[in-house]
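Some notes on the structure that comes next.
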Amino acid sequence: MTGPAAPPTAASRLVATGGLGTSVPSVRTAVLLGSLGTIVHLLGAWRVALWTDEAATVSAATRSWSELADLVSGIDAVHVLHAAILHVWIDVAGASPLALRLPSALATGLAVAGVHVLASRLTDRRTALLAAVVAIALPRLAWAGIEARSFAFSAAAAVWTTEVLVRAVARPSRTRWAGYGVLAAVGVLLNIYGALVVAAHLVTLTVLRTPRSLLVGWAAAAGTAAVVTAPFVLLVARQSAQLGNSETSPAALVRNVVVNQWFLGETPTPAGATTPLVPRDDLLHGAWAPAAVLLAVLCWGLVALGTVVALRRRDPAAVWVLAWLVLPTAAIVALALVTGSGYAPRYATVSAPAVALAVALGLVALPRRRSLVALACVLALAVPVLASQRRPDAKNGSDWDVVAATLGAHAAPADAVYFPVRPGEGPAGRSLRAVRIAYPDAFGEMPDVTLAASPATSGTLWGTSADLVASVDRLEGVDVVWLIVRDDHPAIALALDLATLDEAGFGLVVDHSTRRTTLLEVRRG
């Protein structure tokens, strides 16, 4: 006589249903929602000035394949696959702000579609629709959609890797396990933090008490992806010093994780500034800051409600979502605390789809009418945040578009340009040469007075610089020199440069400075 059958595990229920939820994903709905996500995220992309990180993308993507390989062997390997994609894309579409950001908007649209498909498999159509709408409005994804970096791609890879794994758990096959392994490898190559999503999958399968045969399938697929990406991971690890070092106070860390990371994205406030660069006549001036806090409070409340209800029902969806949300964030926080490299909220973009799913679980836990009210509040609070992200100076307060326009209006092809390097930083130190990389048309063929080696020749992002004193002979036959200087450049260093130019015969100075950039036109006297 046999005893009573053991209660089915969450994983076995998943396998038994075969459909993983109560609905089959609608391809048409997923495409429509993904397209809407791309459109919403792309709005205003052409208005926002490019900034340092995006100039780094242009610098890498516009060099030859051999030059790109030389660059990533020493720096920025973490973005190599994205740079390769943009290399091909720029050849076709050009390097305007809109063209550079369109692939990211398409990627966030793909992520939104993936959220709908995944939520349909794990839950039901109503939850899937709500999750996709939240994903469209989520400031972190919206920010990634107008950022010419790899973060939008990593979010799309994360959600579709998870979707394929969910299907492989329900109906295992060699094709699905192979697909999972390929997508896991691609996710890591797009952004190394994609490896944390794969680790979250292991946690999920373990908590759900997945049958051993499925764990073996996961291990084979994930292990293959690990072997394939190992050289890349080791190369990136050797370049970790490029992250720099910064102190992260407990208050700043909490604010980043709780608010900025998901519900603010980024703002028009430059690093180190205390107030946003938003004109007083903007109708939404100042609204994004309290809106982001209120949005965080509302969404975290929904996440808590949805988690409690789902866990009480022993709903596997909660386990999938929580592991994906918590583990990457915890790992990145731990890395920042251990290494002192500072905490950048954008690194956790791989978990943004999980946030949308977690919020949706909270929405469906409410009565239908209250659920609609809560969703309306989420969308209303997201509007000023998304609007702030699409201001011209939204990228860390960058006003490079104004600098480029000023040069276009006043500079002549025979003029020269000088990008001072911060004292003590060496030939490859920081300067605003990145502006020329981001907006090359504004500079034309203007000679760069102190350029020692181009970015491609030097294997660096910005090139290397010589000392101005040693470069004065390059000014022979030049009547106008444009000095383009960072706002944090020491005043004494700028004064010494002007004295050097004065000795070389340049006396008349016209100040075209912007809010964040010193832009001086120095004429031969």
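Positions are given from 1 along the sequence.
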Checklist line | Value rounded to 0.5 Å, distance of CG in L165 from CG in L183 | finding: 10.5 Å
Item checked: Within-4.5 Å side-chain heavy-atom neighbours: L129 and R126 -> no
Item checked: Polar side-chain atom of T127 near backbone of T123 as donor-acceptor pair, under 3.5 Å -> no
Next item on the list: Kindly determine whether E147 and R101 satisfy salt bridge (charged side-chain N to carboxylate O under 4.0 Å, His left out), including the steps that lead there.
Entry: CA-CA 6 Å; E147 178 84 330; R101 291 162 177 159; 5.8 Å; no
Next item on the list: Output, in order, the C-alpha distance, side-chain angles, deciding distance and verdict of side chain to side chain contact (heavy atoms under 4.5 Å, CB included) for L118 and W320.
Entry: CA-CA 10 Å; L118 177 60; W320 285 96; over 6 Å; no
Checklist line | Non-hydrogen atoms of V164 and G179 that approach each other most closely | finding: CG1-C, 4.1 Å
Notebook entry, point to check: Does W400 have K395 sitting over its ring (NZ/CZ under 6.0 Å from centre, angle to axis within 45°)?
Noted result: no
Note to self: Looking at every non-hydrogen atom in both residues, tell me the closest pair between A148 and S104 and how far apart they are.
What the structure shows: CA-OG, 4.1 Å
Notebook entry, point to check: Which of parallel (below 30°), tilted (30 to 60°) and perpendicular (above 60°) describes F153 and H82?
Noted result: perpendicular
Margin query: So V134 and L375, do their side chains get closer than 4.5 Å, heavy atoms only?
Written below: yes
Check: Can you tell me if W160 uses its side chain to pair, donor with acceptor, with the backbone of L110 under 3.5 Å?
Finding: yes
Next item on the list: Kindly indicate whether the side chain of R140, heavy atoms from C-beta on, has any atom under 4.5 Å from the side chain of N260.
Entry: no
Margin query: Strictly below 4.0 Å, N to O, side chains only: are R391 and D393 in salt-bridge contact?
Written below: yes
Check: Between Q239 and V78, is there a donor-acceptor pair closer than 3.5 Å when you use the side chain of the first and the backbone of the second?
Finding: no
Next item on the list: Decide side chain to side chain contact (heavy atoms under 4.5 Å, CB included) for V133 and V378; before the verdict, give the C-alpha distance in whole Å, the side-chain angles of both, and the deciding distance to 0.1 Å.
Entry: CA-CA 10 Å; V133 172; V378 168; over 6 Å; no
Notebook entry, point to check: Minimum heavy-atom separation for A128 to S120, with atom names?
Noted result: CB-OG, 3.2 Å
Notebook entry, point to check: Tell me, do W324 and L357 make a side-chain contact under 4.5 Å, heavy atoms counted?
Noted result: yes
Check: Does the S398 side chain pair with the main chain of A394, one donor and one acceptor, at a distance under 3.5 Å?
Finding: no
Check: Going through the checks in order, is the side chain to side chain contact (heavy atoms under 4.5 Å, CB included) test met by D401 and L50?
Finding: CA-CA 7 Å; D401 56 338; L50 297 172; over 6 Å; no
Item checked: For the student: nearest non-hydrogen atoms of A158 and V197, plus distance -> CB-CG2, 4.0 Å
Notebook entry, point to check: Can you check whether A55's main-chain N or O pairs, donor with acceptor, with S59's side chain at less than 3.5 Å?
Noted result: no
Next item on the list: Please name the residue in the list L214, V169, V319 that meets the side chain to side chain contact (heavy atoms under 4.5 Å, CB included) test with L205.
Entry: V169
Check: Rounded to the nearest 0.5 Å, how far does CG of L461 lie from CD1 of I437?
Finding: 7.5 Å
Check: Measuring from L189:CG to S150:OG, what's the distance to the nearest 0.5 Å?
Finding: 11.0 Å
Notebook entry, point to check: Are side-chain N/O atoms of D399 and T517 paired as donor and acceptor at under 3.5 Å?
Noted result: yes
Next item on the list: Measure from the side-chain N and O atoms of H41 to the backbone N and O of G145, and report whether any donor-acceptor pair falls under 3.5 Å.
Entry: no
Checklist line | Exam field: side chain R516 to backbone R486, donor-acceptor pair closer than 3.5 Å | finding: no
Margin query: Looking at every heavy atom in both V115 and A135, which two are closest together, and how far apart are they?
Written below: CG2-CB, 4.3 Å
Next item on the list: Please round to the nearest 0.5 Å and tell me the distance separating atom OG1 of T161 and atom OH of Y180.
Entry: 7.0 Å
Notebook entry, point to check: So do the side chains of L432 and V485 get within less than 4.5 Å of each other, counting heavy atoms only?
Noted result: no
Checklist line | Residues D53, R346; criterion salt bridge (charged side-chain N to carboxylate O under 4.0 Å, His left out); working and verdict | finding: CA-CA 12 Å; D53 282 14; R346 61 185 178 275; 3.5 Å; yes
Margin query: I'd like to know if the side chain of T57 pairs up with that of R149 as donor and acceptor (distance under 3.5 Å, no hydrogens or angles considered).
Written below: yes
Margin query: I need the W300 CH2 to L305 CG distance, nearest 0.5 Å.
Written below: 14.5 Å
Check: Between A144 and A152, which heavy-atom pair has the shortest distance, and what is it?
Finding: O-CB, 3.6 Å
Next item on the list: Report the C-alpha distance between R313 and D315 in whole Å, list the side-chain angles of each, state the deciding distance to 0.1 Å, and finish with yes or no for salt bridge (charged side-chain N to carboxylate O under 4.0 Å, His left out).
Entry: CA-CA 5 Å; R313 295 174 179 173; D315 185 350; over 6 Å; no
Check: Under 3.5 Å, is there a donor-acceptor pair between the side chain of R47 and the main chain of R390?
Finding: yes
Notebook entry, point to check: Does a donor on one side chain and an acceptor on the other come within less than 3.5 Å for H201 and T162?
Noted result: yes
Checklist line | Any L43 side-chain heavy atom under 4.5 Å of I146 side chain | finding: no
Check: Run the side chain to side chain contact (heavy atoms under 4.5 Å, CB included) check on V355 and F263 step by step: do they pass?
Finding: CA-CA 10 Å; V355 176; F263 309 111; 4.2 Å; yes
Check: Q389 side chain to P139 main-chain N or O, any donor-acceptor pair under 3.5 Å?
Finding: yes
Next item on the list: Give a yes or no on whether the backbone of P367 and the side-chain of S371 come within a donor-acceptor separation of less than 3.5 Å.
Entry: no
Next item on the list: Flag the pair L366 / L372 as yes when at least one side-chain heavy-atom distance between them is below 4.5 Å, and no otherwise.
Entry: no
Next item on the list: Can you label the angle between the Y347 ring and the Y193 ring as parallel, tilted or perpendicular, going by 30° and 60°?
Entry: parallel
Next item on the list: To the nearest 0.5 Å, tell me how far L102 CG sits from S96 OG.
Entry: 9.0 Å
Check: Any side-chain heavy atom of L235 within less than 4.5 Å of one from R238?
Finding: yes
